[in-house]
Each structure stands twice: as structure tokens, then as C-alpha cells.
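One structure is given below, encoded as C-alpha cells.
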There are 2 protein chains.
Amino acid sequence: MSQTASIKDVATHAQVAVGTVSNVLNYPDRVSQRTKERVLKSIAELGFVRNDAARQLRAGQSRTIGLIVLDVGNPFFSSVARAAEDAATTLGSVVLVGDSGQDASREAHYMDLFQEQRVQGLLISPVGDVGQRIDTLRERGVPTVLVDELADTERCSSVSVDDEEGGYLAAKHLLDIGRRRLAFVGTPSIRQVASRLKGAQRAVGEVSDASIEVLDSEGQTVLTGRKVGNSLVERSPEERPEAVFCSNDLLALGVMQSLTMLRTVRIPEDIALIGYDDIDFAISAVVPLSSIRQPTEALGRTAIELLAEEQESGGTKHRSVVFTPELVVRQSTAGADS
Amino acid sequence: MSQTASIKDVATHAQVAVGTVSNVLNYPDRVSQRTKERVLKSIAELGFVRNDAARQLRAGQSRTIGLIVLDVGNPFFSSVARAAEDAATTLGSVVLVGDSGQDASREAHYMDLFQEQRVQGLLISPVGDVGQRIDTLRERGVPTVLVDELADTERCSSVSVDDEEGGYLAAKHLLDIGRRRLAFVGTPSIRQVASRLKGAQRAVGEVSDASIEVLDSEGQTVLTGRKVGNSLVERSPEERPEAVFCSNDLLALGVMQSLTMLRTVRIPEDIALIGYDDIDFAISAVVPLSSIRQPTEALGRTAIELLAEEQESGGTKHRSVVFTPELVVRQSTAGADS
DNA sequence: CGTAACAAATGAAACGATTCAAAGACGAGT
DNA sequence: ACTCGTCTTTGAATCGTTTCATTTGTTACG
């Protein structure tokens, strides 16, 4: 019995027709008690396990939902993913997670893969311009929900957080504690980051003598943050910004590592620092990190809900849910005047 | 064209036989240049995408590898997962990640699921006693590699890190900096944790006046760590341990949050603190956290390699690779005498 | 002109489940 | 005894690929 038994083997062993075995599995009420017992016994004896590929093939659809995120190592995304998985489980579906690593070709790779798998639907936090591909997917009956990015409602549903508002909140806060020369650290080529920057710039625009400098981090990890931090340390004190707003907490923690490593720059006295996402680790940073909190569980859960709505409507009705982020003040931006 | 085109549709459109289309896809050399072009053109025009379910069904096996981890939110596991994914990609396979959340029933759920998917193999960081099930899987031709847990080599392969040694290193270090009353925080019901504790106890046993107290954290997250930390803060100073060894960095960071929140306990002066895993965030903690580093990339990569070996040998040859952990000293255990 | 050798294309069978129209079993009612 | 209705069971058809034994087409050579 080194090979897996098929439904046919079970049927033979239990001396019934294959249809009956299938019924035991899918519509137990249709089968008489006696036969059911006999079939179940055979299933146990042969160690029969359904072949999902055959099931899917016949059904024409899988019970699988694809999720493509920018970086699973980022607690923001792993939290969203987890919430999505939980929500999917209650619907009897499974979530496959793909990590694009902010690389458009890896993103495309996973989209191809998920298409081959005939996923029920796709949740994606896009890197490149995926509008075209999403249209194609919709035509083929694969609904898509954008995650962490506002969608054109004509096209598909989305769950997102108001990034511009978040950026505004962060910069406003830095200005409120008296800082004027701000720096923004991030990769503005990513749309969320660009929006956060835009919001920050709006806040800066409201204060006459304030300015904001953009430092492209070329990445969104602790490591790339550290590089930016090093470049800040190398500057002469007059040239350093008074406050730094990082487009996510990983970057902020990296910057913080650099700044605190060399003892010359103090946080928040010399440079106030704020991140984005409010990951669990923000609070336990060297200097507890101020941040912009995003409702990750709600994002993941809602994404699945919207996908279900899409499926029910046959991909015709789209809805966009936008959450509002929240400022969390900690020591890294404790008022210089306080 | 709202429905997905099948290989048959392509064949009709290109005016060839289905077998030819299949050959274009799988054995391009067998097909003449002219037909190939015609078929490829049809594929593009119809937007044909292979149906993986049908492929698998025919092949009898998927190109999928299952990975079950204890907690994807834990950077240790997400790092291992990432390394495994990368290694699998070079072999043309995909990794499905399941999160057992240290729950045996969720673990069983994912094992069932992966079996239905007919995965090529299974990588698992087990919660419960899975020996039995692994035997069954092997009989059915699904090789298994234990991850982060030493396996009985008669049974299956494994990649792990010497947890007892790691525990010994951690406790030895605490003793070396002069601490005598130690506490261990973790959930000893998990085998890795139990081994780390055992190693720590061995180190303590080598010093006559040293002792170690075990605090069951009932979980391995930042949150549960914070609870334990609170209970420590409530103790009178004489009753508090002089050093705390947490079975992972998440717990340690949680403990650190509690201890530093209330300003009454200083790290490392009053309580020295060491974690385990050396996640990226350890270095950027309030007090940079000492830890035991595990080679996560090597774990993930080797797991895939061993799986490949198992497949080649038909599941007969097993091998266990054990890595050695490394002590990383940071400020949270900076010598009190220094 | 015949045929051997090789290349290219064909299409039926198989994978393992689900579905569904049809057949079978059984009892109740007349 | 016959019919009707209900409950169970049957087994062929189907999903979309891949495989492989055959057939068809082409070229080279005697």
C-alpha cells in the first residue's frame, strides 16, 4: 500500500460504486447508514486521502486564494496575511502567500502561478502597474482585491489605509513639536510611500518656514534604513534634519540603530524620529518609536470579505474600503519642549 | 472569452492536435518551427493559461512543498521560510506555508491539506507528536524533513540547531557575568524550549551557588512576554532573579517592555536579559538584546536540500544536519562588573 | 522508382474526482 | 397483483492535461 488509494480502490474494497463513495464524502445524507459505515471503514483501512487536483479539475475552481505581499518579513504584512488566512479559513478556503519582495518580475511570477492554480481570487499589494493584468484576470473570472492601495472602483475592490492622511499626521506631529527641517526616508517609487510623502509635504506646506528633504532609501528594510542612518551621521550637525519621518518602521528602526550606535546624535533631542505601521517591535525599540498605526487585522479580514462580495456579484460590483490611520506618540518624538 | 481557454481550444484555433500543443509547451524541440509559432500565436490570442490541477492529476504529483511552522509572525520562522522558498524556486517548486500557531489541531489540519494537495514533500516544525503521521506519509511516498528539531535518523531527515548547546551558552554567559539566581522564561512543553532549558540547567549545575527558576510563559510572543515581565515587576527586589533567559527574542522583548515601562528595574544592572534567535529587531531594542543566533538561511536552504535527497533516494536514506548556535552579547547582558 | 530513415504530427487513453440521469429496491395504498 | 413514490445506488461522462504508440510527411540513397 505504498501508493495512495483512489476513490476507485475504496469502491472496490467496500463493494460499492465510485459514485457512492463520492456521495459518502460529499452528501452523507444521501447514503444509507449501513453503506456509509462500510465505506468509511474501507477509507480508513486503505488510508484514502482525497486528491485535490482531481477535485479541482472537475470543479473548475480551487478553494485557494492567492495573496501577494511586498515583504513577508515585514510584520505589517505578516499580520495582514494572518488575518486574511483566518478569515479565509472560516469560508473553507486556503490562502497561498507569495512574496514579491517589491520586485515586479517576482510579482508577475506569482500572478502567473496563481492563475495556473486557478485561484478563487487574488489579493495583491502591487509593486508595478498591474491594472492591465487585473483586467485580464477579471475577464477570466478571477476577482482581485487590492490590498493597501486604493483602487479605481470601476476596476476592482480594494482595502487601504489613507496613506496621505497618515503622512500628514506624521509630519504635522513633527512640526507640532517644533521641528522645521524635516527629512523623509523611503522609496517614493512605491505608491503608498509616495502618498505618505505627499501628505507630509502638505503638512510642511502649511508652515511657512518648514522644509522637507527626501532621502531615497532604495529598500524598505532595517538594513537599508541603517545605510540612510549612516549617511545622516556623517553630515555636519547643521546639515542634519531636525526630524526624520520614515515610510515604515523597519526603516525607522534601521535609522535608529545607526544614530544610536554612534553616540553623537540623540533621539529625540537632536533628531526626532517617527515610523509607519506601528509594528509590535516599535514600542520596544532603543528609543520607543512613534509611529502611524494601521489596522492590519481589519485590512486582512476586509480583503477577504470584499473578495467574497466580488465572487457573489460575479465580479461586477466593486467596493473600496479606506481605513484611517492613527498617530501613536512615543519617546522618539517626545516634545523637545516637554 | 470570459472563460479560460483550454489546450483543446488552442489546438482547434491553431489547427493542430492537442498533443502538439502539449509538445510546444513541454518539448519545444519536438515541434517544427512553423507549427510552434502558430501554436504560440494562438496561445497568446486566446490567453491560454495551463491548468495546474489537470497537470498535477496527470503527473500524479505536484510541484509543491509544504512547510508548517510554529508562527509566521516570528521573524525566525519567516526567515527560514524565505530561505526555503528561494531554494525551492531554483528547483522549480513552490512552497506553501502553513502556520500551526503551536496548535496541534491546526498542525494536523495543514498536514491533511498538504496530503490532499499531494505535495512533493513536507517540511515541518512539529508541535505535537507527529512521528506516527510522518511514518504514514513516508509509506505514501511523501518525504518529510523536520525543521528545527532533531529527528530519529531511522525515520526521517532533519535540520536543527543544537538547542541544548544554545541554552548552555546563554546560561553560562549569565553566570559568567556574575549572576547566580537565574530565571528561564518559555513554554517547556515545546521540545526546543525544553532543550534550551536543559542546557541552561546543565550550566547552572556547574556552579555551586547558582539556581534557575522556570517561568512558564504560556506562549512565545511579545504579548505573553509582557505578562511575565509584569509578574517580575510586582515581585519585591529580593525575590527577583538577577538574570532572565527567554526562550526566544519575542518573549525577551516583551519582558523588556514591562521592565523598562516601570522605571524601577534596570537592565542589565538589576536584571540581565538574554533572548534566543537573534532576530533583526534584537539589536534595536530599548536595551540592545543579547541573544543566541541561529543560522536561519542555512536551515531553510538545507531543509530543501535534504528533501531533495530524500526524494532521490525514494525516502530510504535519511540525514540529520545539526548547526551550532552562537552567542551574541549586547548591552542587555553587559557585565555588571564592566 | 522504391524504400529506408528520420522528423513531425496525431489522437485515444489515462489520471481521480464529481455529477446526474437512470435503474433498482422497497413499502404503502388501492 | 399493480402502481406510485421515496430512498439508494449505479456507472458513464466530464474536467484539462500528458503520454505514447501510430500515422503521416519528407528526404536521401540505391
Side-chain angles (χ1 to χ4, degrees), chain A residues 3-40 42-43 46-64 92 112-113 115-120 140-141, chain B residues 1 3-40 42-43 46-64 92 112-113 115-119 140-141:
Chain A
Q3 288 312 321
T4 323
S6 79
I7 207 173
K8 210 177 262 174
D9 301 324
V10 174
T12 309
H13 188 268
Q15 307 198 53
V16 295
V18 287
T20 305
V21 178
S22 176
N23 282 334
V24 170
L25 260 25
N26 301 296
Y27 307 94
D29 294 346
R30 289 189 193 164
V31 184
S32 74
Q33 191 62 29
R34 275 189 23 161
T35 347
K36 207 187 307 184
E37 276 167 15
R38 204 145 39 89
V39 170
L40 289 173
S42 295
I43 286 178
L46 299 178
F48 165 76
V49 177
R50 261 185 170 102
N51 183 324
D52 198 55
R55 233 149 103 73
Q56 278 185 212
L57 175 58
R58 181 63 232 245
Q61 232 210 175
S62 72
R63 298 167 302 142
T64 295
D112 289 342
L113 194 72
Q115 241 183 106
E116 289 189 6
Q117 307 259 6
R118 296 291 189 272
V119 292
Q120 288 181 320
R140 300 203 184 130
Chain B
M1 199 186 315
Q3 289 311 321
T4 322
S6 79
I7 207 173
K8 210 178 263 174
D9 301 324
V10 174
T12 310
H13 188 269
Q15 307 197 56
V16 295
V18 288
T20 304
V21 178
S22 177
N23 281 333
V24 170
L25 260 24
N26 300 296
Y27 307 94
D29 295 344
R30 290 190 192 163
V31 184
S32 74
Q33 192 60 28
R34 274 187 26 156
T35 355
K36 205 187 308 181
E37 276 167 14
R38 203 144 40 90
V39 170
L40 289 174
S42 295
I43 286 178
L46 299 177
F48 165 77
V49 177
R50 262 185 169 100
N51 182 324
D52 197 55
R55 232 150 106 75
Q56 276 186 212
L57 175 58
R58 181 64 233 247
Q61 233 210 172
S62 72
R63 298 166 302 142
T64 295
D112 290 342
L113 194 72
Q115 243 183 105
E116 289 188 6
Q117 307 258 6
R118 297 291 189 274
V119 293
R140 299 202 186 133

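Every chain is numbered from 1, with letters handed out A, B, ... down the list of sequences.
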- Could you go step by step and tell me if A:V49 and B:R118 meet the side chain to side chain contact (heavy atoms under 4.5 Å, CB included) rule? CA-CA 9 Å; A:V49 177; B:R118 297 291 189 274; 3.8 Å; yes
Separation between CD (A:Q56) and CD (B:Q117), nearest 0.5 Å, reads 6.5 Å
The reported gap from CG in B:D52 to OG1 in B:T64 (rounded to nearest 0.5 angstrom) is 7.0 Å
Rounded to whole Å, the CD1-C1' distance (B:I7 to D:dT14) equals 17 Å
Judged by atom type as modelled, is there a donor-acceptor pair below 3.5 Å linking the side chain of B:R140 to the main-chain atoms of B:Q115?
no
Residues at least two apart in sequence or cross-chain that pass side-chain contact (heavy atoms from CB on, under 4.5 Å) with B:Q61, listed by chain then number, are B:Q120, B:Q311
Expected list for residues 9-19 of chain B near DNA chain D, using heavy atoms below 4.0 Å, is B:G19
One should read off an interatomic distance between A:S42 OG and A:D9 CG, to the nearest 0.5 angstrom, of 10.5 Å
TODO: State, with a plain yes or no, whether a side-chain heavy atom of A:I43 is found less than 4.5 Å away from one of A:L25.
DONE: yes
Scanning both residues in full, the closest heavy-atom pair of B:V31 with B:V24 reads CG2-N, 3.8 Å
Taking every heavy atom of B:F48 against every heavy atom of B:I7, the minimum-distance pair comes out as CE1-N, 3.5 Å
Terminal axes of the helix from C:dC1-D:dG30 to C:dT30-D:dA1 (5 end pairs apiece), angle rounded to 10 degrees, sit apart by 70°
Return no unless some side-chain N or O of A:T35 is found under 4.0 Å from OP1 or OP2 of D:dT8.
-> no
Interatomic distance, OG@B:S22 vs CZ@B:R55, rounded to 0.5 Å, equals 9.0 Å
Scanning both residues in full, the closest heavy-atom pair of A:A54 with B:L57 reads CB-CD1, 3.8 Å
When rounded to the nearest 0.5 Å, the distance separating CZ of B:R50 from CG of A:D112 is 11.0 Å
Separation of D:dT8 atom C1' from A:N23 atom CG, nearest Å, is 9 Å
Per the under-4.0 Å heavy-atom filter, residues of residues 25-32 of chain A near DNA chain C come out as A:N26, A:Y27
Per the under-4.0 Å heavy-atom filter, residues of residues 48-62 of chain B near DNA chain C come out as B:L57, B:R58
The first and last nucleotides of DNA chain C lying within contact of chain B, meaning any atom under 4.0 Å from one of its heavy atoms, run from C:dA8 to C:dG16
*Report which part of the nucleic acid B:T20 touches: base, sugar-phosphate, or nothing (heavy-atom distance under 4.0 Å, all strands).*
base
Taken to the nearest 0.5 Å, the spacing of A:R38 CZ from A:R34 CZ works out to 6.5 Å
